[in-house]
J.: 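If you scroll down you'll find the structure; I have some questions about it.
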Amino acid sequence: MQEFIPQMEPWFDDHESAAVSLYLQSGGWVTEHQKTSLFEEMLSTFTKSKYCMVTTNGTISLTLALLAIGLKPGDEVLIPNLTMIATANAGKLIGINPVFVDIEKETLCMDLGSAQKVMTKKTKALIYVSLNGRSGDMKKVMTFCKEHNIFLIEDAAQSLGSYFHGKHLGTFGSIGSFSFSVPKIITTGQGGALVTNSAKHMKTLRLSKDFGRIKGGIDIHGTLGWNFKFTDIQAVIGIEQMKKLAWRINRKKQIYRIYANTLKSISAIHMIPTNLIDTCPWFVDIFVSNPSALQAYLRSMGIGSRLMYPPLTSQKIYKDTSAKVTLPVSYHYGKSGLWLPSSSKLTDTQIMKVCESIKYYYSH
Ligand SMILES: *Cc1c(COP(=O)(O)O)cnc(C)c1O
């Protein structure tokens, strides 16, 4: 049997298993406690944000962020039309309506000119998604939000280890959100984190995650809250993953560089010019005229790949919103994108095998 190269796989080793085992032997209560606080501290130190709170996942984290800035049912939030569907669904859960905006071809992130055109009196926030670790000019994004008097929330789920001019993505807006689901830069199986410099937002976030309790272990509830807590088991894994982060960021950049250098001779393939000083590409994304056909060929060669997110307004639940505006750039990239094997575990030999297969496909 030939080896199969997966598009993505998580990487755990003896460090995670030893840490989990040690934690269980220590008699920890498993639910969130000191290990969770330590993981939060590591994340706020890494991103240079004052506060960090972890939660169940990177979808609920966005819901909590929208609640924390005071959004109400019926409010509208600007969302790029090319992102994981969770960005839009997070608000839907609490009756907030996504308004879809086209993207810039240089970054695949929200185009502010298009955003301007769909704003209404109900627009209360903009969720900026730094897709694949890339971003546009965050200074301009901040200015845009200030001028229109709307909140900036960042969905930086794919951007741990990515920066704009040296400042970590997720730290430009009121609140930034990260995800630790299995394919992300680091994983705790499920998990999400919110970062902010606002003590007020952090207080609201913590209350909503723990039933609105005025303090731990007491059943007096100052406000409405639910249960979106983490577990110390996940934190123990997250702490070990954080220790590998610097290495992993470097490797992800190397992987992207090898692909980009090797595939640049193939005119049928477009890659987004990427600044690898600021950006840690989460996945290696290429754009071709028929990604499904290339995917099928790669699969026959024992190589996994994944089709890019379809534009959100092409999804069943958001189709009705598509009639109002056309979002051509999101359609172009959403329909032509393919993610190549991108795990930080990939060897150079495996990357070359993928590149050789792609070269063969386009020369025959
Ligand atoms: C993964 C992801 C999410 C959702 O995170 P989960 O932890 O899977 O809930 C949200 N937005 C983007 C851009 C993502 O990539």
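In each ligand, atom 1 is the first atom listed, and ligand 1 is the first ligand listed. Nothing fancy with the numbering, it's 1 onward along the sequence.
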J.: Please state which part of Asn57 comes within less than 4.0 Å of ligand 1, counting heavy atoms only: side chain, backbone, both or neither.
T.: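 Both backbone and side chain.
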J.: For atom 15 (O) of ligand 1, what is the closest protein heavy atom, and at what distance to 0.1 Å?
T.: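 Going atom by atom, the protein heavy atom closest to atom 15 (O) of ligand 1 ends up being Gln158 NE2, 2.8 Å.
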J.: Examine distances only and state if a side-chain atom of Thr55 and a backbone atom of Ala193 form a donor-acceptor pair shorter than 3.5 Å.
T.: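 Checked: no pair found.
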J.: Looking only at protein heavy atoms, identify the closest one to atom 3 (C) of ligand 1 and say how far it is in Å.
T.: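 In this structure, atom 3 (C) of ligand 1 has Met84 SD, 3.6 Å as its nearest protein heavy atom.
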J.: If you measure every N or O of Asp155 against every N or O of ligand 1, does any of those distances drop under 3.5 Å?
T.: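 Looking only at distances, the answer is yes, because the N/O contact criterion of under 3.5 Å is met.
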J.: What is the closest protein heavy atom to atom 4 (C) of ligand 1, and at what distance does it sit?
T.: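 For atom 4 (C) of ligand 1, the nearest protein heavy atom comes out as Thr59 OG1, 3.6 Å.
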J.: Could you tell me, atom by atom, which parts of ligand 1 come under 4.0 Å of a heavy atom of Gly191?
T.: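 Counting atoms of ligand 1 from 1, those under 4.0 Å from Gly191 are 7 (O).
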J.: Indicate, as side chain, backbone, both or neither, the part of Lys184 found under 4.0 angstrom from ligand 1 when only non-hydrogen atoms are considered.
T.: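 Within the 4.0 Å criterion, Lys184 contacts ligand 1 through side-chain atoms alone.
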J.: Out of Ser181, Pro183, Gly192, Ser179, whose heavy atom is nearest to atom 5 (O) of ligand 1?
T.: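 Looking at heavy atoms only, Ser179 sits closest to atom 5 (O) of ligand 1.
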J.: With heavy-atom distances below 4.0 Å as the criterion, list the atoms of ligand 1 near Thr83.
T.: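 By the 4.0 Å cutoff, the relevant atoms are 13 (C).
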J.: Count the heavy atoms of every other residue, nucleotide or ligand shown that sit under 6.0 Å from NZ of Lys105, and state whether that count exceeds 12.
T.: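 Open: at most 12 neighbouring heavy atoms sit under 6.0 Å from NZ of Lys105.
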J.: Heavy-atom pairs closer than 4.0 Å: do any link ligand 1 to the side chain of Ile60, the backbone, both, or neither?
T.: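 Looking at Ile60 and ligand 1, no heavy atom falls under 4.0 Å.
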J.: May I ask you to check whether Glu16 and Gln241 show a side-chain donor-acceptor distance below 3.5 Å?
T.: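 Gln241 and Glu16 do have a side-chain donor-acceptor pair below 3.5 Å.
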J.: Would you confirm whether the ring centroid of Phe180 sits within less than 6.0 angstrom of the ring centroid of Phe39?
T.: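 Yes, close enough.
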J.: What about Tyr309 and Trp339, are their ring centers closer than 6.0 Å?
T.: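 Between Tyr309 and Trp339, the centre distance is under 6.0 Å.
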J.: How far apart are the C-alpha atoms of His168 and Phe178, what are their side-chain angles, what is the distance that settles it, and do they pass the ring pair (Phe, Tyr, Trp, His ring centres under 6.0 Å) test?
T.: CA-CA 12 Å; His168 204 289; Phe178 295 89; 5.8 Å; yes
J.: Pair Asn197, Ser49 - check side-chain hydrogen bond (donor to acceptor under 3.5 Å, both in side chains), show working.
T.: CA-CA 6 Å; Asn197 284 336; Ser49 30; 5.3 Å; no
J.: N/O of Gly58 under 3.5 Å from N/O of ligand 1, yes or no?
T.: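 Yes, there is a polar N/O contact under 3.5 Å.
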J.: For ligand 1, which atoms have a heavy atom of Thr87 less than 4.0 angstrom away?
T.: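 Every atom of ligand 1 under 4.0 Å from some heavy atom of Thr87: 11 (N).
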J.: Whether the side chain of Asn57 engages the backbone of Ser181 through a donor-acceptor N/O pair (distance < 3.5 Å, no angle test) should be reported.
T.: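 No; zero donor-acceptor contacts below 3.5 Å.
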